[in-house]
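Here's the structure, in structure tokens; my notes come after.
Naming: A, B, ... by sequence-line order, numbering from 1 per chain. Here the structure is a predicted model, which means the values were calculated and not measured.
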Amino acid sequence: MNIIFSIIREDTFWKILLFIHFLLAVGLLAAVTLQAVAVLMPARQMAGHFIDRSPVPAAGYTALIAIVYVLQALMGAWIYIKYRTYVRIPMEQLRHFWTVGSFELKEHVVTMGMGLLPAYWYFWRQPLSAEHDNVRRWVTVFLALSVWYAFIVGHVANDFRGVGS
Amino acid sequence: MTQTLDAGEGLSQFDSPAARGAPTSTVQTGAKFGTFAITFGIAFALLYTVYERLNWPLFTYHPVLGNLDFGRQPTGVGPPMFWYGWIVLAAASALVVACAATIIPARWLRQATVFCCALAVLWPASLAGLRIFIVDWATFDADFLNSPWVAAIPGFIGTAVITYYFPARLAERLWTSWLLIVPIVGLVVLGSSLLQPWFLR
């Protein structure tokens with residue numbers, strides 16, 4: 001770390017890291033939301049002998065979502081060091097208790113999502129098994145909700161003390 | 001989409017490795033990985049909740065000093081961080097549980113899952129019940145009952161009874177559902193523990 005800090009300022013380094021975290025979050029949010037919408041979309045009608053397929057190839061996103069989710073969790077865990085000392089302490093001093101509490105819950109939500117990733121990947125393996133249709137759908141929705149929650153809470157924390165705040 | 005998937009899945013069933021006459025070992029490996037992944041998901045969520053509630057991290061990180069200490073360490077210079085320690089311990093324990101799940105018979109695994117989930121509810125519920133009894137009902141000095149080990153007795157007995165009478169067919173059907181039930185209940189427990197310190201302050 002000292003080598004990095006000899007090249008760029010410490011706060012600039014953390015802000016770059018936070019910005020990359022944000023960019024990856026946007027990508028993950030898009031992919032997991034599309035997949036969740038695809039599994040929740042109402043059934044389409046069959047027309048003649050043609051089976052109407054969804055425009056979203058939901059299964060194709062699985063590996064991407066799993067990899068980016070892990071990357072994001074690792075980056076979040078790294079940035080969390082700075083958050084714990086540089087952001088959370090003034091947050092408590094200024095009595096932003098809801099923000100602190102929401103962020104605490106975010107840690108747990110993301111962790112629970114991480115634990116589901118092997119099963120999520122298994123359920124989306126080709127060929128998709130009809131037996132796991134329901135659990136595949138709700139695991140995907142759980143992951144999508146966890147990413148949305150993490151994104152919103154992370155954004156609020158960033159507004160308190162982060163990039164552009 | 002659901003119907004589309006169903007239709008695709010219906011066709012793909014015939015195109016599955018088993019149907020194509022793929023080697024039995026490939027199918028078995030896939031099934032074993034499924035058992036591993038599902039058990040890991042259930043065990044990780046359950047153990048993470050338990051470790052967080054009991055505050056049992058594998059290690060403590062001190063961000064100000066950059067030190068890593070084994071186990072739970074008190075506040076030194078700056079705040080201690082336990083989150084990494086809970087995750088690593090939960091992941092390591094869940095890994096062991098998931099590996100063990102791949103070698104035990106499926107029926108035992110389903111029953112063991114019911115047992116663990118019931119125990120995770122009944123043990124703390126027994127402790128809470130004993131504490132209520134001590135404060136509101138006891139007419140004698142019942143402080144000796146305020147122990148997790150005393151609460152373990154009714155907890156284990158209740159769990160054993162539930163597991164014994166739990167229909168095997170229901171345990172079979174519920175098994176993948178635990179994958180969602182456990183994290184959601186875990187989040188409710190963890191979230192409610194945050195109410196007092198942060199949300200109701």
* Structure fact -> In this structure, CD1 of B/I184 is separated from CE of A/M112 (nearest 0.5 Å) by 10.5 Å
* Under 6.0 Å from the CZ atom of B/F133, do we count more than 12 heavy atoms belonging to anything else shown? -> yes
* Got B/L187 and A/Y149 here, is their nearest side-chain heavy-atom distance under 4.5 Å? -> no
* Structure fact -> Note: vs chain A, highest number of non-hydrogen pairs under 4.5 angstrom among B/W86, B/W83, B/F36 is B/W83
* Asked: Taking all non-hydrogen atoms of both residues, which atom of A/R84 and which atom of B/P63 are closest, and how far apart?
  -> CG-CG, 4.5 Å
* Asked: Any side-chain heavy-atom pair from A/I81 and B/Y84 closer than 4.5 angstrom?
  -> yes
* To do: Scan residues 44-64 of chain B for pairs that pass ring-ring contact (aromatic ring centres under 6.0 Å, His included), counting only residues two or more places apart or in two chains.
  => A/H108-B/Y48, B/F40-B/F44
* To do: Output the option from B/P79, B/G41, B/G191 having the highest count of non-hydrogen pairs under 4.5 Å with chain A.
  => B/P79
* Asked: Listed by residue number, which members of residues 97-105 of chain A have a heavy atom under 4.5 Å from any heavy atom of chain B?
  -> A/F97, A/W98, A/V100, A/G101, A/S102, A/E104, A/L105
* To do: Please check if atom CZ in B/R173 has more than 12 non-hydrogen atoms from other residues, nucleotides or ligands closer than 6.0 Å.
  => no
* Quick one: pull up CD in A/E107 and CG in B/L190 and give me the separation to the nearest 0.5 Å. => 10.5 Å
* Asked: Which one, A/V135, A/L116, A/V109, A/T111, leads in non-hydrogen pairs under 4.5 Å with chain B?
  -> A/T111
* Let me know if A/E92 has heavy atoms under 4.5 Å from chain B in its side chain, its backbone, both or neither. => side chain
* Please state whether the side chain, the backbone, both or neither of A/H132 comes within less than 4.5 Å of a heavy atom of chain B. => side chain
* To do: Side chain from CB out, backbone as N, CA, C, O: work out which of these in A/R95 comes under 4.5 Å of a heavy atom of chain B, or both, or neither.
  => neither
* To do: Answer with side chain, backbone, both or neither: which region of B/L179 has an atom nearer than 4.5 Å to a non-hydrogen atom of chain A?
  => both
* To do: Tell me, for A/Y120 versus chain B, whether the close heavy atoms (under 4.5 Å) come from the side chain, the backbone, both or neither.
  => neither
* Structure fact -> Nearest heavy-atom approach of A/F142 to B/P183 is CZ-CB, 4.0 Å
